[in-house]
Amino acid sequence: MGVKRFAWALGALGAVLALFGWQMQSPGAFVGIVLIALAGVLLVTSRRRPKG
C-alpha cells in the first residue's frame, strides 16, 4: 500500500467517523476531522517518484 492510497483510506475513515460521531455526539467526530486533516497533509506532502 502506497502513501497516497493510505492517505485516501485515512480520509475515508475520517469522513465516516466524522459523520457517525456527530450523530452519536461522541468524540469520534473530532477524531474523524483529525484523520481527514492528516490525510490532506499526507497527500500534499507525498512526493512523486522520479522517472528514470
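Just so it is clear, the model here is predicted, and its values are computed rather than measured.
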Exercise. Can you see which heavy atom on Ser46 is nearest to which on Val3, and at what distance?
Key: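 For Ser46 versus Val3, the nearest heavy atoms are CB-CG1, 4.1 Å.
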Exercise. Check Ala7 against Ala39 and note the closest heavy-atom contact, atom names and distance.
Key: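 Nearest heavy atoms, Ala7 then Ala39: O-CB, 3.1 Å.
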Quiz item: Leu10 pairs by side chain to side chain contact (heavy atoms under 4.5 Å, CB included) with which of Ile36, Leu42, Val41?
Solution: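 Among Ile36, Leu42, Val41, the one meeting side chain to side chain contact (heavy atoms under 4.5 Å, CB included) with Leu10 is Leu42.
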Which hydrophobic side chains are connected to [X], either touching it within the sub-4.5 Å cutoff or through other members that do?
{"X": "Phe20", "result": "Val16"}
{"X": "Leu19", "result": "none"}
{"X": "Phe30", "result": "Val34"}

Quiz item: Atom CG of Leu38 and atom CD1 of Ile33: how far apart are they, to the nearest 0.5 Å?
Solution: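 Atom-to-atom, Leu38:CG and Ile33:CD1 are 14.0 Å apart.
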